[in-house]
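Here is the naming used below: chain letters follow the sequence lines, and residue numbers restart at 1 for every chain.
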Amino acid sequence: MSIISNYMGVKKLLEEKRVRTRFAPSPTGYMHIGNLRTALYAYLFAKANGGDFILRIEDTDRARYVPDAVDFIKRTLAAANIIPDEGPDIGGDFGPYVQSERKEIYMKYAMELVEKGYAYRCFCDPDAEHKDSGDGKSYAGYDRHCRDLAPEVIKKHLDDGDPFVIRQKMPLTGTTTFNDVVHGAITINNDELEDQVLIKRDGMPTYNFANVIDDHLMGVTHIIRGTEFITSTPKHVLLYESFGWELPAFIHLAPVMGKNEDGSVSKLSKRHGATSFAELTEMGYLPEAITNYVALLGWSPKSNQEVFSMDELMKIFSLDGLSKSPAVFDYAKLDWFNSEYFKAMNDNDFARAALPFAGELTDEVREKWLYLAGILRTRVSRFSEIPEKIAFLRELPDYDVELFKNKRNKVTLDVAKNIIPIAIDMFSYLPGWTPYSIDATMPGVVTRAAAKLGTVMWPLRIALSGQKVTPGGVTEILYLLGQEESIKRLKKGLAKLEEI
RNA sequence: GGCGCCAUCGUCAAGUGGUUAAGACACCGCCCUUUCACGGCGGGUUCGUGGGUUCAAAUCCCGCUGGCGUCACCA
């Protein structure tokens, strides 16, 4: 892609006022939830305005490159249903979309700055770099040793083939102000700006340089990124000005925090639990639920609606709903979103999606999985809760006979001892073992026991499951266990009662 | 430490000078009910702090405190 045609492209986009946003991760092999949110917002904003969303890989740091990371990023975005219009493999008119493949472009622009006097070559040794001692009043970075080298000195270095970096020549006085869409005007004193490196010794650009070049060349109109870039934005602004380029809109997102054990908060990290999109889906959260929740973490719609499909978000997302302050990631709320999505699913879809999380199943339960899944659907908030919830179906837990006692339902050990034989009797020879036939038999048991429904059900549940709380009622458990196993467990419960 | 950003229930948050300060999650209680769940109803000293400005401040201004970020040939 030639610079000229690229320029024409940008000009055309500007004339159209077409919104273009980008997500520009570095390939670290991990999609943090905060990054996912940044990508989401950039995507939603572009789509809400009929614009384009670009994926660009910022791999200018060879040392930190992780081999399959790019692929991982693409898969994660796909899973989250965030679909770039342009990017590596996808193509587009402004590629390449991988920065390491754009090396020459940056060098060319850097040299332009050197010629214009906005940048200079620095031959200093990186290890013995001249640093300001730091008087606490002004910047404490590079001492600008090479800022005004005499032409002859530069020529000598060049002739000797000395390696160099290119640094930005910062204004020494005055201030730089930019307007942030969510924060308003932000001003910083120029004397705090270091003559930052634009092109590294290895010829690669630094982030602070590459992102400016690429955002301009790719026609990015709105830069959406985390607040950690707020302090370096003035440097970017100066670069835009040096080139005479129009400034994009800056939107800095407040960070996603995690809650610590002591109640304090800090930037969401591993110690807060699962923090990557992949980890969350492995825990049994639906991608849609994660996206939905994350969309509302730091942004709020105009209405009180909370459950949104991606399509809805793509219509209503707007920048004015963004909040300035950090948001704490709340797993409990994510649980709620996830269960809302479960409730909205049909049993078939839920059964299929939940099966991989179910763990080892008995043949009986495997056959009745769809039925079980229907019961589980409104009772779990994430798939990973399933194995524990249904463990009793596979194996009757060892339980205390005291469990048979229940005050509310007026069940004593004697009552239980009285009721269980009736159930054994009536269910042992029941032809056909279906939820319907079981249900139809129950009134007879209640009648023969001459007790209330709850009084009958309680001891049966205990004998059948060994626990007070089960997903689903007694009828469902009977069906799921199968006739043989049900009778076996009832007899065992009775034996337990007769022992005392 | 310098600089910058931020500050409404436990959490997400609405709110832009006059409101009973919404709503949601979580929590607690009640109802429904064969347990659980679902569903329904109800509950809670919430505007960090001190000064201003104003008839009137969660909303505007200043200080303080606290949190976060940033000061790389990382992004």
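Nucleic acid contact class of A:S323 (heavy atoms, under 4.0 Å, all strands): sugar-phosphate only. Looking at heavy-atom distances under 4.0 Å, A:V474 makes contact with a base. Residue contacts shown for A:T60 are limited to sugar-phosphate atoms, with no base heavy atom under 4.0 Å away. Using a 4.0 Å heavy-atom cutoff across all strands shown, A:Y293 reaches no nucleic acid atom at all. If you check every strand for non-hydrogen atoms under 4.0 Å, A:K343 touches sugar and phosphate atoms only. Across all strands, A:T475 comes closer than 4.0 Å to base atoms (heavy-atom distances). Within the nucleic acid shown, A:V380 has no heavy atom closer than 4.0 Å to any nucleic acid atom. Across all strands shown, A:M257 has heavy atoms under 4.0 Å from sugar-phosphate atoms exclusively, and none from any base. Using a 4.0 Å heavy-atom cutoff across all strands shown, A:G226 reaches no nucleic acid atom at all.
At B:A14, one or more side-chain N or O atoms of A:S300 fall inside 4.0 Å of OP1 or OP2 (strictly under the cut-off). When the side-chain nitrogen and oxygen atoms of A:K324 are compared with OP1 and OP2 of B:C6, one or more of them lie within a distance under 4.0 Å. Phosphate contact (OP1/OP2 of B:C38, side-chain N/O of A:R377, threshold under 4.0 Å): absent. Contact annotation: A:K389 side-chain N/O to B:C36 OP1/OP2 distance is not under 4.0 Å.
Nearer the 5' end of RNA chain B, as judged by each residue's closest nucleotide, is the contact made by A:R37, out of A:T227 and A:R37. Nearest-nucleotide assignment on RNA chain B puts the 5′-proximal partner with A:I230, out of A:I230 and A:V328.
Across B:C73, B:A75, B:C3, the shortest atom-to-atom separation from the side chain of A:I188 is found for B:C3. Of all nucleotides listed (B:G23, B:C25, B:U34), B:G23 comes nearest to the side chain of A:N304. Taking the side chain of A:A327 as heavy atoms from C-beta on, and the options B:A13, B:C36, B:G69, the nearest nucleotide is B:A13. Relative to the side chain of A:F229, the nucleotides B:C73, B:C36, B:A75 differ in distance, and B:A75 lies closest. Here B:C25 is the nucleotide among B:C25, B:G69, B:C73 with the atom lying nearest to any side-chain atom of A:W336. For A:H183, whose side chain is taken as the heavy atoms from C-beta onward, the closest listed nucleotide among B:C12, B:G39, B:C5 is B:C5. Nearest to the side-chain atoms of A:E306 among the listed nucleotides B:C5, B:C25, B:A24 stands B:A24. Of all nucleotides listed (B:C12, B:C38, B:C73), B:C12 comes nearest to the side chain of A:L297. Between B:A75, B:A7, B:U34, one nucleotide has an atom nearer to the side chain of A:S325 than all others, and that is B:A7.
Across the P atoms, B:U11 and B:A57 are found 26 Å apart, a figure rounded to whole Å. For the C1' atoms, the distance from B:A14 to B:C25 is 15 Å, rounded to whole Å.
Note: A:Y293 and A:F329 meet the aromatic proximity criterion, with ring centroids under 6.0 Å apart.
Across the protein-nucleic acid pair, A:F308 atom CZ and B:A13 atom P stand 14 Å apart, rounded to whole Å.
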Determine whether A:D320 and A:S318 satisfy the following criterion, side-chain hydrogen bond (donor to acceptor under 3.5 Å, both in side chains), listing intermediate values before the conclusion. CA-CA 6 Å; A:D320 55 8; A:S318 69; 2.5 Å; yes
Give the intermediate values and the outcome of ring-ring contact (aromatic ring centres under 6.0 Å, His included) for residues A:F383 and A:F350. CA-CA 10 Å; A:F383 292 133; A:F350 181 83; 5.6 Å; yes
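With hydrogens and angles ignored, no donor-acceptor pair under 3.5 angstrom links the side chain of A:R408 to the base of B:U35.
Between A:D425 and A:R448 there is a salt bridge, since a side-chain N of the basic residue sits under 4.0 Å from a carboxylate O of the acidic one.
Other residues, nucleotides and ligands place more than 12 heavy atoms under 6.0 Å from the NZ atom of A:K103.
The side-chain tip of A:K417 does not point at the ring of A:F404 from less than 6.0 angstrom away and within 45° of straight on.
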